[in-house]
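Each residue takes its place number in the sequence, starting with 1.
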Amino acid sequence: MTIRVLLVDDQPLIRSGFRALLDVEDDIEVVAEAADGSEGLALAREHLPDIALIDIRMPVVDGIEATRRIAADPALTRVHVVILTNYGLDEYVLNALRAGAAGFLVKDIQPEDFLHAIRVAARGDALLAPSITRKLINRYVTQPLHPGAHTVLTRLTNREREAVALVAQGLSNDQIAGRMTISPMTAKTHINRAMTKLHVRDRAQLVVLAYESGLVSPGNS
């Protein structure tokens, strides 16, 4: 299956560099380019890409707002947003994850890691390695940011809460299955049901919610 990619960045040179990397891959196709979030949103609706690579800071409509609008559009539920940033882990990245991004990449990433990340995001997996998750939580989510967030966890069964906590620690489905002594398919089912009940798009938002709600704390990550 070909992975369809939309590039959204206000710097033509950056877009050209990413396109050059992607165009030589047999399983990846760049379907469109945009110079700001507003144009990117329109092209996302037109082309329905698998991945939207969106710069976090742009004129007209920035990456966070573009991500929020994509996440809120029922016609774009299959579009996975990956945020591009020059700045590494900062509050803009956290806001983008809250807005619905599947993950983020720093623009000085190695080409082979960039291509791997595109394929990971296309599978629907969050681009949040355990080390990145720990940095994110230690810097920004040391306290629940939404006082009522813990109440949403009452919608989950005990096993679903356990699975969500393990997702927040950066574990894969296979690792979660091993911890819970269940099959990987059952682990995936628990996670998908939790995402449905909590109204989150993907594992990245699930991680943020787990920490904001107090289900998991930095000390036990």
Side-chain angles (χ1 to χ4, degrees), residues 2-25 27-129 132-133 135-136 139-140 201-205 207-208:
T2 300
I3 300 169
R4 295 161 49 81
V5 177
L6 166 66
L7 299 176
V8 186
D9 196 300
D10 61 323
Q11 299 180 53
L13 189 60
I14 295 292
R15 296 200 308 272
S16 297
F18 283 130
R19 177 182 276 276
L21 283 173
L22 297 173
D23 277 348
V24 298
E25 299 299 310
D27 61 334
I28 301 175
E29 175 190 6
V30 177
V31 295
E33 296 182 26
D36 63 66
S38 178
E39 183 184 6
L41 182 62
L43 289 173
R45 289 169 174 158
E46 179 181 350
H47 294 280
L48 298 178
D50 301 299
I51 301 293
L53 284 171
I54 300 181
D55 185 23
I56 202 164
R57 301 187 188 184
M58 295 180 294
V60 186
V61 173
D62 66 17
I64 295 173
E65 181 59 26
T67 298
R68 185 176 293 112
R69 294 183 190 181
I70 288 174
D73 191 331
L76 301 178
T77 55
R78 297 181 66 85
V79 178
H80 303 289
V81 174
V82 176
I83 289 293
L84 297 168
T85 176
N86 285 320
Y87 307 98
L89 191 64
D90 61 14
E91 67 274 14
Y92 290 97
V93 169
L94 180 58
N95 289 336
L97 293 173
R98 287 200 188 102
F104 71 94
L105 297 174
V106 180
K107 290 183 180 179
D108 63 1
I109 188 174
Q110 293 297 313
E112 60 272 18
D113 294 332
F114 172 70
L115 294 171
H116 173 70
I118 293 298
R119 295 181 174 106
V120 167
R123 294 199 303 264
D125 295 334
L127 293 173
L128 290 173
I132 295 297
T133 301
K135 289 178 183 177
L136 181 73
R139 288 186 60 178
Y140 296 109
R201 281 169 57 97
D202 52 40
R203 293 168 81 103
Q205 285 194 306
V207 169
V208 172

ask   = Given Val31 and Glu29, is the side chain to side chain contact (heavy atoms under 4.5 Å, CB included) satisfied, shown in steps?
value = CA-CA 6 Å; Val31 295; Glu29 175 190 6; 4.0 Å; yes

request  = Take Val8 and Asp55, measure what side chain to side chain contact (heavy atoms under 4.5 Å, CB included) needs, and give me the verdict at the end.
outcome  = CA-CA 6 Å; Val8 186; Asp55 185 23; over 6 Å; no

request  = Just do the side chain to side chain contact (heavy atoms under 4.5 Å, CB included) check on Val79 and Leu6 with the steps written out, would you?
outcome  = CA-CA 10 Å; Val79 178; Leu6 166 66; over 6 Å; no

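Leu105 approaches Ala117 most closely through the heavy-atom pair CD2-CB, 3.6 Å. The shortest heavy-atom contact between Val82 and Ala121 is CG2-CB, 3.7 Å. The two residues Ala44 and Pro49 make their nearest non-hydrogen contact at O-CD, 3.5 Å. Residue Gly37 comes nearest to Ala66 through the heavy atom pair CA-CB, 3.9 Å, listed as atom of the first residue, atom of the second, then distance. The shortest heavy-atom contact between Gly63 and Ile83 is O-CD1, 4.1 Å.
Under the side-chain contact (heavy atoms from CB on, under 4.5 Å) criterion, Gln110 pairs with Glu112, Asp113, not counting sequence neighbours. Qualifying side chain to side chain donor-acceptor pair (under 3.5 Å) partners for Glu39, counting only residues two or more places apart in sequence or in other chains: none. Listed by chain and residue number, Glu33 satisfy the salt bridge (charged side-chain N to carboxylate O under 4.0 Å, His left out) test with Arg15 (two or more places apart in sequence, or in another chain). Residues satisfying the salt bridge (charged side-chain N to carboxylate O under 4.0 Å, His left out) criterion with Glu25, sequence neighbours excluded, are Arg119.
Going from atom CZ of Phe18 over to atom CG of Leu115 covers 10.0 Å, rounded to the nearest 0.5 Å. Rounded to the nearest 0.5 angstrom, Leu43 CG and Leu48 CG are separated by 11.0 Å. Of the inter-residue distances, the one linking Asp36 atom CG with Asp9 atom CG reads 11.0 Å to the nearest 0.5 angstrom.
Side-chain atoms of Asp62 and Ile56, non-hydrogen and from C-beta on, never get closer than 4.5 Å to each other. Under the 4.5 Å side-chain criterion, counting only non-hydrogen atoms from C-beta, Ile118 is in contact with Ile28.
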Side-chain donor-acceptor pairs under 3.5 Å in residues 71-78, sequence neighbours left out?
unit_1 : atom_1 : unit_2 : atom_2 : d
Asp73  : OD1    : Ala75  : N      : 2.9
Asp73  : OD2    : Arg45  : NE     : 2.9
Asp73  : OD2    : Arg45  : NH2    : 3.4

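Under the 3.5 Å distance criterion, the side-chain polar atoms of Arg4 are matched with a main-chain donor or acceptor of His47.
Among Ile109, Leu7, Leu53, the one residue that satisfies the side chain to side chain contact (heavy atoms under 4.5 Å, CB included) test with Leu84 is Leu53.
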